[in-house]
Student: 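Sharing a structure, written as structure tokens. Questions coming.
Values below: all heavy atoms of this structure, side chains included; hydrogens, waters and symmetry mates excluded.
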Amino acid sequence: MAYTLTVNGSAHTVDTEPSTPLLWVLRDLLDLVGTKYGCGVAQCGACTVHLDGVPVRACVTPVSRVGTKAVTTIEGIAANPVGAKVQEAWKSLDVPQCGYCQAGQIMSATALLVATPKPTDAQIDAAMDGNLCRCATYPRIRKAIKSASGQAEA
Amino acid sequence: MNAPVLSRRLFLASSTAVGGGLLLSFDIGSEAQAAGRATLSAYLKVSPDGKATIASKIPEVGQGMRTALPMIIAEELDVAWEDVVVEQALADTKVYGRQVAGGSMATTLEWDGMRRVGAAGRWMLIQAAAGRLNVPSSELSTQPGRVVHASGRELSYGELAQAAAAIAPPDPKTLTLKDPKAFRIIGKSHVQTDNEAIVTGKPLFGIDVRLPGMVYATFLKAPTYAAKVAAADLAAAKAVKGVREAFVVEGGAALDGLLPGVAVVADSWWAARRGRNALEVTWADHPTSAQSTASLAAKAAEFAKGPPQRTARADGDVPAALKGAAKIVEAAYDYPFIAHAPLEPQNCTAHVKDGKVEIWAPTQNPEPGRALVAKTLNVPPENVTIHLIRCGGGFGRRLVNDYMVEAAFIASKVDAPVQLIWTREDDIQHDFYRPGGWHNFTAGLDAKGDLVAWRDHFVSFGEGETFVRSGGMNSSQFPAGAVANYQHDVSVMPLGIPTGPLRAPGNNAFGFVIQSFTDEVALAAKTDPVEFRRKLLGQPRLIGPPDQNDSFHTGRMRGVLDLVAEKSGWGRKLPKGSGLGVACHFSHLGYVAVVMEVSVAEGKVKVEKAWVAADVGRQIINPTGADHQVQGSILDAIGSTLHQKITFENGAAVESNFGDFPLLRMSEAPPIEVHYLLSDNRPTGLGEPVLPPAPAALCNAIFAATGKRIRSLPVGDQLA
Ligand code: FES
Ligand code: FES
């Protein structure tokens, strides 16, 4: 089946099975490898992308369900001013260790801050709990979200 | 009480860099290692534009060494950090010659050597300036990036780089190093060099490698380790759109080699995955097919009842001391197998062409991988090129190169570069696990409540006196040497499950059992747990010979114990259901004490806060990276202590993904207060020693909060 997807603002047509997860369309067919595979079953958040601004797990999102929704990946998140701010905070507060989970973290954090510009700790926990970090950079992630939202860390 | 200087040697060689300037190649290791090496393993380049490029082929797995080591060199070279370029040397054998194993460039071993590399570069630039200005070098000094004469005349490093290339490197031993008080770079936080690429999603990791004409592979192995393929119907897999090939891999019996299985190769990974799902494979019976967690535990319980197979250490007379003791404390502890689960699943890209093998591997340890690939594919090792790729987490998992040989073997059957990616299920079910173990403790107290006897009957896996990988225990674990009567007994049983090192191997379990049991003994002695440990540590002294890695200094441990007690407000009253727990443990040359505060409600543990005091010598090189390692280790330990276990049934792992093998999540991560105790000792590593005391601090806090002693990990639903 042919599908035309809007990814980071440009249209791409791919020919694949309807059930192919968006994750593998991005990685193997469109060569956008910033979105990561961690578990394949919506348990880790490494594959988080936005569909019309809403964070979804690309590993369990069949390409046939994307439709006309705009797909945003880590490669395109800087176009969103909140996303750019989040990336800046991530760099300057030195959030990554191995870095593998961080694309997904940034996508979830950006969606959180767009919806909730000044999140509380509980709101951060709720929004970020689906994003695993094996290196356990959670204290820095929290700090970076606060910093990007203009709140000082308590 | 300065630790002796390491007997490792630094090798230096200078030449003109491609494009001009000074190229200073260096290597640290034994003479035998460096002998016959055409090129050295790392280099420092000073270019005519004044930039200092530092390259090493040491794999980066998130430990931050690619930032910390260049910082040390840049400090002594005396350049501004902004002028430092850290090159990602992808272990191109054409440039670097044979690769050294990962992990050899840890802080402990390289601190002195890296300083001397930088100082050697600075010395050569000064000599070049002396020639140019026609003044004695004693009248010259440096400011970042330039050599300055007493008269005020100066030359930039860039201007001097070419002339410095002609100067022979100095004997590293003769160099004067900077006074640490003058450090400009070391001791200040520097963010990771790859941050920009990470936050923008640039291709960095193994699964991001892309080669022209590349195809993708999956590899299905038997759930029971090393079981052979009895029958395989490949037709349905081959019928999946995009699948190019599916074939049986004969494989061998060695658990860390190429195992039997079925490979599926396709145009995309998803097609390969679908092809694999369509396979019909019957696996042959295997001698370990009946092995299970229950059968291993039953055997361990048998051992616990009887005499040990052997006594590894016996100080004094434990049986007699126990007979005369006023009080005896006994407890049996155990911990499960656990998986490493780095977030990036195992993967490797390989291309086999005309007898040559080219590999792109996220590995911590490429050399054994090269040997394994050469042997399995029957090619000379020099025909195997390995490009090192940043690892999405290691934790010790990528010290074993099973996925590398799989990729190479599959690629040898396919006329294209092949990228093998494991599923998460493959990763959890085919790990080299931290082995489980059992410790049967007996302690004796005299009438004053002092410890007079300690016995640990350790039940593990192996044969005779040989343990399975990472299943061994040294006999120098504290309180060895601090109690007159000490006995370390050992019994082992055979095992058919792959095991290997996990962050702080061995110690990640010993810290839990020893420091938990110490708490029980303290309570039996009616002594506060911190006070009891102070008494046990006694006078500051070194236990063991002065130049041995497992020699233990009681004064350094006392220092961190006192510091963590003070910072955590040890002894303060907490509401019902809350508690503080303490533990301290020595490993990897680091002394670490941890206090945790927990609250327990409705059977659920919440860690409210953790305090850490660590003594890893006189200098923290990169504070942001150091804090990362400390906090990451504590959280790693909380996750595994509360949640993680791998169970086996029918010779195979039961858990398969993050649903049943949970990692710690954001909401479970407490604030962590980190304190470094700077002692007058050489700097040592921080990636591992913080983890071992944490599980016991947590479980001792659970006891303080609930009265329930956790003697078996994980905590799981034991409090329900
Ligand atoms: S890969 Fe999608 S949630 Fe883990
Ligand atoms: S930084 Fe390594 S998994 Fe998050």
Student: Among A:Gly38, A:Ser19, A:Gly34, A:Ala136, single out the residue with the greatest number of heavy-atom pairs under 4.5 Å to chain B.
Tutor: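 Sorted descending by pairs with chain B, the first entry is A:Gly38.
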Student: Under 4.5 Å, heavy atom to heavy atom, which residues of residues 102-112 of chain A contact chain B?
Tutor: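 When heavy atoms of chain B are the reference, residues 102-112 of chain A contributes A:Gln102, A:Ile106 within the under-4.5 Å range.
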Student: Can B:Asp208 and A:Lys36 be counted as an ion pair, charged N to O under 4.0 angstrom?
Tutor: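 A salt bridge links B:Asp208 with A:Lys36.
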Student: Say you draw a straight line from CG of A:Leu132 to CZ of B:Phe658; how long is it, rounded to the nearest 0.5 Å?
Tutor: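 These two atoms lie 6.0 Å from each other.
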Student: Taking all atoms of both residues into account, what is the closest heavy-atom pair of B:Leu635 and A:Pro139, and its distance?
Tutor: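 That would be CD1-CD, 3.6 Å.
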Student: Just by distance, no angles: are the side chains of A:Thr20 and B:Arg274 close enough, under 3.5 Å, to form a donor-acceptor pair?
Tutor: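 No - no donor-acceptor pair under 3.5 Å links their side chains.
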Student: Can you confirm whether B:Met666 sits close enough to A:Asn131 that some side-chain heavy atom of one is under 4.5 Å from a side-chain heavy atom of the other?
Tutor: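 Heavy-atom side-chain distance check fails, nothing below 4.5 Å.
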Student: Among A:Ile124, A:Leu32, A:Leu23, A:Val95, which residue has the highest count of heavy-atom pairs closer than 4.5 Å to chain B?
Tutor: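 Heavy-atom pair counts peak at A:Val95.
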Student: Would you compute the distance between atom CD of B:Glu196 and atom CD of A:Gln87 and round it to the nearest 0.5 angstrom?
Tutor: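 Nearest 0.5 Å value for the CD-CD distance: 7.5 Å.
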Student: Which residues in residues 69-82 of chain A have any heavy atom closer than 4.5 Å to a heavy atom of chain B?
Tutor: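 Residues A:Ile74, A:Glu75 are the ones that qualify, each having a heavy atom under 4.5 Å from chain B.
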Student: Would you compute the distance between atom CG of A:Asp31 and atom CZ of B:Arg210 and round it to the nearest 0.5 angstrom?
Tutor: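 These two atoms lie 5.5 Å from each other.
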Student: Which heavy atom of A:Tyr37 sits nearest a heavy atom of B:Thr423, and at what distance?
Tutor: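 What the structure gives for the nearest pair is OH-CA, 3.1 Å.
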